[in-house]
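This is a predicted model, so every value here is computed, not measured. Just so you know, these numbers use all the heavy atoms, side chains as well, and skip hydrogens, waters and symmetry mates. Labels below follow one simple rule: chain letters A, B, ... track the order of the sequence lines, proteins then strands, and each chain is numbered from 1.
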There are 2 protein chains.
Amino acid sequence: MNKPVTIKDIARKFRCSPSTVSRALNNHPSINEDTRRNLQEYAQKVGYQRNQVSLNLLNTKTASIGVIVPTINNYYESAIIEGIDGVLNPLGYTLNICVTNEQYLLESEYVTKLLSNRVEGIFLSVSQETYDSGHYEHLENVGKRNLPLIFIDRDYEGFSAGSVTIDDYHGAFAAVEHLISTGRKRIAHLKGPNGMAVTEQRFRGYTECLTKYGLPVEEKRIINTNFKVESALEPTAQLLELGQRPDAIFGVNDQVAIGAMKVIREKGWRVPEDIAVVGFDNSPISPYISPSLTSVARPGRRIGEEAARIFLNYLDTTTKKDTPVHIVLPSELIVRESSRGI
Amino acid sequence: MNKPVTIKDIARKFRCSPSTVSRALNNHPSINEDTRRNLQEYAQKVGYQRNQVSLNLLNTKTASIGVIVPTINNYYESAIIEGIDGVLNPLGYTLNICVTNEQYLLESEYVTKLLSNRVEGIFLSVSQETYDSGHYEHLENVGKRNLPLIFIDRDYEGFSAGSVTIDDYHGAFAAVEHLISTGRKRIAHLKGPNGMAVTEQRFRGYTECLTKYGLPVEEKRIINTNFKVESALEPTAQLLELGQRPDAIFGVNDQVAIGAMKVIREKGWRVPEDIAVVGFDNSPISPYISPSLTSVARPGRRIGEEAARIFLNYLDTTTKKDTPVHIVLPSELIVRESSRGI
DNA sequence: CAAAAAATTTCAAACGTTTGCAAACCACAT
DNA sequence: ATGTGGTTTGCAAACGTTTGAAATTTTTTG
């Protein structure tokens, strides 16, 4: 690992000042044509790369922004990141992606690290632990710096900042309404972990829809999962053993719905004839599994894009930023085979 | 967006020198106990965050490393990243993730950017365009700097550097051998894009296995896809219309295999009775779709971890680094319903 | 009380680059 | 020779931090 060539090295070699080298490499007009060519050729030859770190220090800006997410191992999350990247990368920004694994401690450390690295904005999808604990001290310094902070996907009520989320409530409502409209009456819900906004919003959509149509909200038809496919297996088995077997299952996401479908079939029931299944996320394979999965689509990429635009607005000092912008994107029910009418 | 508080600001406030503040905040022993406490309290109060950028410049090191991948929107790729992160993050490194979208130009720009940002190593999963073009000029400066460079997942023969790949050849071989052992004779292959190492290795495993068992390699049973589920639909339909209909399909990845299964069933055939299907990747849902998908598991996380270890070895100057380390991890066939014996 | 020792603080340089301003150089006309 | 104007180059400061060595203050000791 060699030391990188610096402007000073080149200056020494050519017995000129660093300023001259700097200007030559930047095509400054007041540099002699020959000097410029020689210096540029030499720089090229020795593989000179301008030290961006020093520039960042000089300009007290870094053109980098932090993105903190619970996981990237997931279609939806990575679509969000692609959305942010798609808008900000062409503008010269570098993304600093941090994966918290749903841990408060990591989230907190990452915030500090990003602040310390002088990112110009932070996009944060709050971790589950952070939700549970209700902490937001780790965001205090972000507030003190008044650094652009945008919550993505998961809003965090305790803290005033911009946010882009999707309308989980209406998405869930639509899903359940659809199940009711196809004649289902005993609709179970495989819920996410308690306390998380996504979880609770969808849950609320579920319960309020049932209530609206005069159906009872039965506690025994509501079981928690952790979003993963494995976590749906045992709960689904339980549901199937209820005296009043559900005739539909609404999963908090596609993973859970897929897990439920597997168990249903293993126990000898049919989807959708005996039990309809609806998921959430519209993950890329949902149209291709069998039966294809009815699901609520979340525009992941657009969340990222909108969040990036909010960020860019923050920078625009002409706009007042006193009132944080909240954008709620609509979700869309996509009906497929797994919930066909009976 | 306020200017961050600096050590100088604090020094001015307390009418002392920046050195004192620096030492106080770093708990240097030669600082008076009271001074230290006062300064620390004040720093805390105003939300001082040490400027890592200036430190990076001072120390000419950044503790950050670049990761360039074609996409993160994919279980396997993101597992690799998690593997790298898992090893390097606890050691204080920051990952700088760059997504090329399979474009040479972006890959090239990212290399420059990372070099310019003085990352201490680069993990590169070469983009498809780079493969196609055979370019590697964008890596020249990495070579000149003698910066640790590790190819992940996709090796790049034109350039001498460490690499961690998986044994695609034997994985594919095992998959096809398994199909043959269950009595299949007309095994088709949904191939990836031509020219990519993964594609060609798996293809070689496919052809050589057929040959070994005395089966003909029929061109009309081999069709290209682009890894995505949609790109398998039309090709599968074609396969089904062959006079000699295939009795098995080996997909270059799970996505493609899932697409194939869908078309097979839509056309009225059964999986695995009429046509067996095998994928590659062992993606998390493969056990849960119906029929569950036989697939070759690639240890994505381990690739990342091993790559990180190679990187750490580079740093260890005691080891000679003249001969780049190449690690090939085994892949493992996982048999499920989609290829049950007839 | 002076001198020595210890404790605490400051100075200055360094990391690599850019940039306003001053200085040097050149050619040419007076 | 002197002045003018233009071209080219160099100086020095700045960004924020750390750190060895020097300087200052305080404490201890004889």
Side-chain angles (χ1 to χ4, degrees), chain A residues 1-40 43 46-64 112-113 115-120 141 145, chain B residues 1-40 42-43 46-64 112-113 115-120 145:
Chain A
M1 211 155 90
N2 316 327
K3 281 222 173 325
V5 179
T6 72
I7 260 186
K8 285 185 186 172
D9 296 332
I10 301 180
R12 211 172 303 122
K13 179 87 178 179
F14 278 72
R15 299 171 192 292
C16 68
S17 75
S19 344
T20 305
V21 181
S22 170
R23 286 196 254 255
L25 298 182
N26 289 315
N27 290 316
H28 191 284
S30 78
I31 290 292
N32 181 280
E33 187 54 41
D34 289 344
T35 319
R36 183 219 316 262
R37 195 163 7 84
N38 286 335
L39 286 173
Q40 288 194 348
V46 296
Y48 170 79
Q49 303 264 166
R50 139 215 271 125
N51 185 333
Q52 187 63 45
V53 178
S54 75
L55 263 185
N56 290 345
L57 178 61
L58 185 61
N59 301 330
T60 51
K61 51 156 111 175
T62 57
S64 74
T112 307
K113 197 178 216 172
L115 243 26
S116 184
N117 279 315
R118 298 295 187 259
V119 295
E120 300 178 16
N141 281 335
R145 283 276 321 271
Chain B
M1 210 158 89
N2 315 330
K3 281 223 171 323
V5 179
T6 73
I7 260 185
K8 286 184 186 173
D9 296 333
I10 302 180
R12 212 171 302 124
K13 180 89 180 177
F14 278 72
R15 299 172 194 289
C16 68
S17 75
S19 343
T20 303
V21 181
S22 170
R23 290 198 168 97
L25 298 182
N26 289 314
N27 289 315
H28 191 285
S30 76
I31 291 292
N32 182 282
E33 186 55 40
D34 289 345
T35 320
R36 183 217 319 263
R37 194 163 8 83
N38 286 335
L39 286 172
Q40 289 193 348
Y42 181 75
V46 295
Y48 169 80
Q49 302 265 165
R50 133 212 277 128
N51 185 334
Q52 188 62 45
V53 178
S54 76
L55 262 187
N56 290 344
L57 179 60
L58 185 61
N59 300 329
T60 53
K61 50 158 112 175
T62 58
S64 75
T112 307
K113 196 178 217 171
L115 243 27
S116 184
N117 277 318
R118 299 293 188 261
V119 296
E120 299 179 16
R145 282 275 323 269

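To the nearest 0.5 Å, atoms CG (B/Asn32) and OG1 (B/Thr20) are separated by 10.5 Å. Once rounded to the nearest 0.5 Å, the distance linking CZ of A/Arg37 with CG of A/Asp34 reads 5.0 Å. Taking CD1 from B/Ile31 and SG from B/Cys16, the interatomic distance works out to 8.5 Å, rounded to the nearest 0.5 Å. Interatomic distance, CG of B/Leu115 versus CD of A/Gln49, reported as 4.5 Å (0.5 Å rounding).
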Each nucleotide N or O in nucleotides 25-28 of chain D that has a protein N or O under 3.5 Å away: list the pair and distance.
none

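A donor-acceptor pair under 3.5 Å is absent between the side-chain atoms of A/Asn59 and the main chain of A/Lys61, judged by distance alone. At least one donor-acceptor pair closer than 3.5 Å links the side chain of B/Asp9 to the backbone N or O of B/Thr6.
Looking at B/Asn26, B/Ile7, B/Leu25 one by one, the single match for side-chain contact (heavy atoms from CB on, under 4.5 Å) with B/Arg50 turns out to be B/Asn26.
Rounding to whole angstrom units, NZ of residue B/Lys61 and P of D/dT18 are separated by 15 Å. One can place CG of B/Asn32 at 14 Å from C1' of D/dT24, the figure rounded to the nearest angstrom. Counting to the nearest Å, the C1' atom of D/dT7 and the CZ atom of A/Arg36 are 13 Å from each other.
Remark: A/Arg36 pairs with A/Glu33 by the salt bridge (Lys or Arg N to Asp or Glu O under 4.0 Å) rule, at least two apart or across chains. Among residues two or more places apart in sequence or in another chain, the side-chain contact (heavy atoms from CB on, under 4.5 Å) test is passed with A/Ser54 by A/Asn51, B/Leu57. By the side chain to side chain donor-acceptor pair (under 3.5 Å) test, B/Asn117 is found to be paired with no residue, residues two or more places apart in sequence or in another chain being considered.
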Sequence-aligned protein contact record of nucleotides 14-21 of chain C, with B where the base is within under 4.0 Å of a protein heavy atom and S where only the sugar-phosphate is: BBBBBBB-

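Computed from C1' positions of five pairs at each end, the angle between the two local axes of the helix from C/dC1-D/dG30 to C/dT30-D/dA1 equals 80°, rounded to 10 degrees.
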